[in-house]
Amino acid sequence: MSANLDVWDAWPLADALGRPIDWRGGELWFALAVNRLDDPEQRHHLARIHHFHRIENHFEHIGQTLPDAISPGARQWSGSARYEDGTVTLYFTATGHQGDNSLSYHQRIFSTITTLEMDGDFGKWSTPNEVVAADGQIYRPANENKGQPGKIKAFRDPSHYRDSKGRNFILFTGSSAAQPSAHDGLIGLAVAEDGHQYSPLPPLVSAIGVNNELERPHIVEHDGRLYLFWSTQRGVFAPGIEAPTGLYGAVADHLEGPWTFLNGHGLVVGNPVNRPTQAYSWWVLPNLTVASFVDYWGPEDHGVSEDISRRARFGGTFAPFLQIALEGDRARLVDKE
């Protein structure tokens with residue numbers, strides 16, 4: 001997609017139902033991006049949200065989305081975006097604090113709004129508003145100063161959901177405050193109180209003792225039911241649990257549940273055994289096409305140093321879109337050929 005950028009964790013500008021809006025003969029997408037680095041793992045410490053014009057399977061980079069001057073964090077991590085009546089609301093994770101060079105893993109959830117012309121670009125973004133905070137009772141604050149990928153605690157990845165009653169919610173990746181442990185991942189939920197501030201609700205999914213990170217959760221409505229999807233990696237499961245990096249999901253008739261894991265175990269799309277890290281960060285659209293990014297696409301080469309191997313194997317671009325099918329509590333990958 002770009003010779004100069006590493007790109008990952010993408011989401012579209014969508015309507016209240018999650019459908020990408022039409023824009024300039026295509027769609028407007030957001031993703032995390034940085035200038036290419038010798039070690040791709042360093043991208044997490046420099047991440048910014050960028051936006052892209054998608055026409056069919058081609059993505060054109062437009063630029064960085066938010067001015068650094070208004071960002072409350074030192075970095076920006078994943079979120080979601082909604083468009084209504086000419087207004088864009090961008091939900092995102094602020095990581096660290098503005099001016100913080102210590103690379104802390106503090107995570108907070110913000111929103112900011114602007115206008116968008118169908119034949120133009122964004123207007124001025126509003127001062128970001130912290131829409132929901134970890135309460136310390138259900139959700140553990142993600143305020144660690146140091147950590148390692150996959151082991152840090154989470155309060156991030158906000159995705160907006162509006163139910164059939166017109167109620168607005170935010171789903172997010174969380175960690176348990178009630179039962180803290182090395183593997184205490186949650187899919188968190190918060191409800192809008194006045195349209196701008198959200199109050200925490202009990203989690204939709206708890207992985208206490210099973211998994212540390214249920215990342216980028218989002219809901220798709222299909223055939224009158226709710227389908228909840230998230231991404232997770234093989235290395236964040238608790239010891240003794242063998243499961244692939246992949247897209248996982250559950251289904252329910254109501255937001256309050258009960259939720260049933262798809263396919264009996266939750267796995268919808270898994271990376272192949274011989275390419276266990278080839279893709280990540282799946283995002284399911286209402287038409288059941290699935291976006292992701294090319295991660296470490298090839299087998300590990302133990303004959304070279306790890307940092308050189310990572311750069312050689314890292315894709316850092318949009319992956320080909322997949323197509324899935326849903327039938328009740330079953331999900332399968334559709335062969336598009």
Side-chain angles (χ1 to χ4, degrees), residues 8-16 21 28-34 43-52 62-117 121-136 139 141-145 152-162 168-174 188-200 215-218:
W8 70 106
D9 285 19
W11 64 93
L13 180 61
D15 64 16
I21 66 164
L28 185 60
W29 280 70
F30 300 88
L32 303 186
V34 297
R43 71 188 188 276
H44 304 294
H45 302 313
L46 299 168
R48 298 289 189 276
I49 297 169
H50 288 233
H51 50 287
F52 304 80
I62 299 174
Q64 182 174 322
T65 303
L66 298 179
D68 283 338
I70 72 166
S71 181
R75 293 98 75 202
Q76 298 154 13
W77 286 357
S78 299
S80 63
R82 287 291 184 259
Y83 177 84
E84 288 187 276
D85 301 326
T87 298
V88 175
T89 304
L90 177 65
Y91 303 89
F92 68 99
T93 308
T95 306
H97 296 270
Q98 191 177 66
D100 175 13
N101 295 318
S102 64
L103 300 180
S104 75
Y105 288 93
H106 293 201
Q107 300 155 51
R108 296 169 293 156
I109 293 174
F110 285 80
S111 71
T112 176
I113 63 174
T114 190
T115 58
L116 176 67
E117 299 296 334
D121 209 339
F122 298 120
K124 182 179 179 180
W125 290 95
S126 68
T127 300
N129 171 51
E130 188 170 6
V131 291
V132 61
D135 60 354
Y139 302 106
N143 55 8
E144 296 164 292
N145 290 320
I152 61 173
K153 296 298 122 178
F155 196 77
R156 62 177 182 268
D157 304 343
S159 69
H160 174 266
Y161 169 67
R162 179 175 296 162
N168 291 302
F169 298 88
I170 288 176
L171 284 70
F172 56 89
T173 302
L189 183 69
V191 62
E193 296 293 344
D194 60 5
H196 301 287
Q197 296 300 130
Y198 288 70
S199 297
E215 296 194 288
R216 305 199 66 211
H218 55 287

Chi angles and distances behind the side-chain hydrogen bond (donor to acceptor under 3.5 Å, both in side chains) call for N129, H196
CA-CA 8 Å; N129 171 51; H196 301 287; 5.5 Å; no

Under 3.5 Å, side chain of [X] to main-chain N/O of [Y], donor-acceptor pair present?
{"X": "Y161", "Y": "A16", "value": "no"}
{"X": "S199", "Y": "V191", "value": "no"}
{"X": "E144", "Y": "A154", "value": "no"}
{"X": "H51", "Y": "G63", "value": "yes"}
{"X": "T112", "Y": "T127", "value": "no"}
{"X": "S126", "Y": "I113", "value": "yes"}

Closest non-hydrogen atom pair between [X] and [Y], with its separation:
{"X": "A94", "Y": "P72", "value": "CB-CG, 3.8 Å"}
{"X": "F52", "Y": "A31", "value": "CE1-CB, 3.7 Å"}
{"X": "G96", "Y": "S104", "value": "CA-OG, 3.5 Å"}
{"X": "A81", "Y": "L13", "value": "CB-CD1, 3.8 Å"}
{"X": "T173", "Y": "P217", "value": "OG1-CD, 3.4 Å"}
{"X": "S78", "Y": "T93", "value": "O-OG1, 2.9 Å"}

Relative to each other, are the rings of H45 and Y105 parallel, tilted or perpendicular (30° and 60° limits)?
perpendicular

So H44 and W77, would you call those rings parallel, tilted or perpendicular, with 30° and 60° as cut-offs?
perpendicular

To the nearest 0.5 Å, what is the distance between [atom1] ([X]) and [atom2] ([Y])?
{"X": "F92", "Y": "R108", "atom1": "CZ", "atom2": "CZ", "answer": "9.0 Å"}
{"X": "T114", "Y": "Y83", "atom1": "OG1", "atom2": "OH", "answer": "11.0 Å"}
{"X": "F122", "Y": "L28", "atom1": "CZ", "atom2": "CG", "answer": "4.5 Å"}
{"X": "N168", "Y": "H160", "atom1": "CG", "atom2": "NE2", "answer": "3.5 Å"}
{"X": "S71", "Y": "I49", "atom1": "OG", "atom2": "CD1", "answer": "8.0 Å"}
{"X": "D121", "Y": "T65", "atom1": "CG", "atom2": "OG1", "answer": "9.0 Å"}

Working for side-chain contact (heavy atoms from CB on, under 4.5 Å), residues L90 and W125:
CA-CA 9 Å; L90 177 65; W125 290 95; 3.8 Å; yes

Please list all pairs meeting salt bridge (Lys or Arg N to Asp or Glu O under 4.0 Å) that have one or both residues in residues 65-82, counting only residues at least two apart or in different chains.
R48-D68

Summary of salt bridge (Lys or Arg N to Asp or Glu O under 4.0 Å) pairs that have at least one residue in residues 85-94, sequence neighbours excluded
none

Are the aromatic ring centres of F172 and F155 under 6.0 angstrom apart?
yes

Run the ring-centre check on F169 versus Y198 and record whether the distance is less than 6.0 Å.
no

Going through the checks in order, is the side-chain hydrogen bond (donor to acceptor under 3.5 Å, both in side chains) test met by H106 and N145?
CA-CA 7 Å; H106 293 201; N145 290 320; 3.0 Å; yes

side-chain contact (heavy atoms from CB on, under 4.5 Å) between W11 and R216, worked out:
CA-CA 10 Å; W11 64 93; R216 305 199 66 211; 3.3 Å; yes

Go through the side-chain N and O atoms of S111 and T89 and say whether any donor and acceptor fall under 3.5 Å apart.
no

Residues Q107 and N143: side-chain donor-acceptor under 3.5 angstrom:
no

Heavy-atom side-chain proximity of R156 to E215 below 4.5 angstrom
yes

Just so I know, are the side chains of P158 and V131 near enough to count as touching, which here means a heavy-atom distance under 4.5 Å?
no

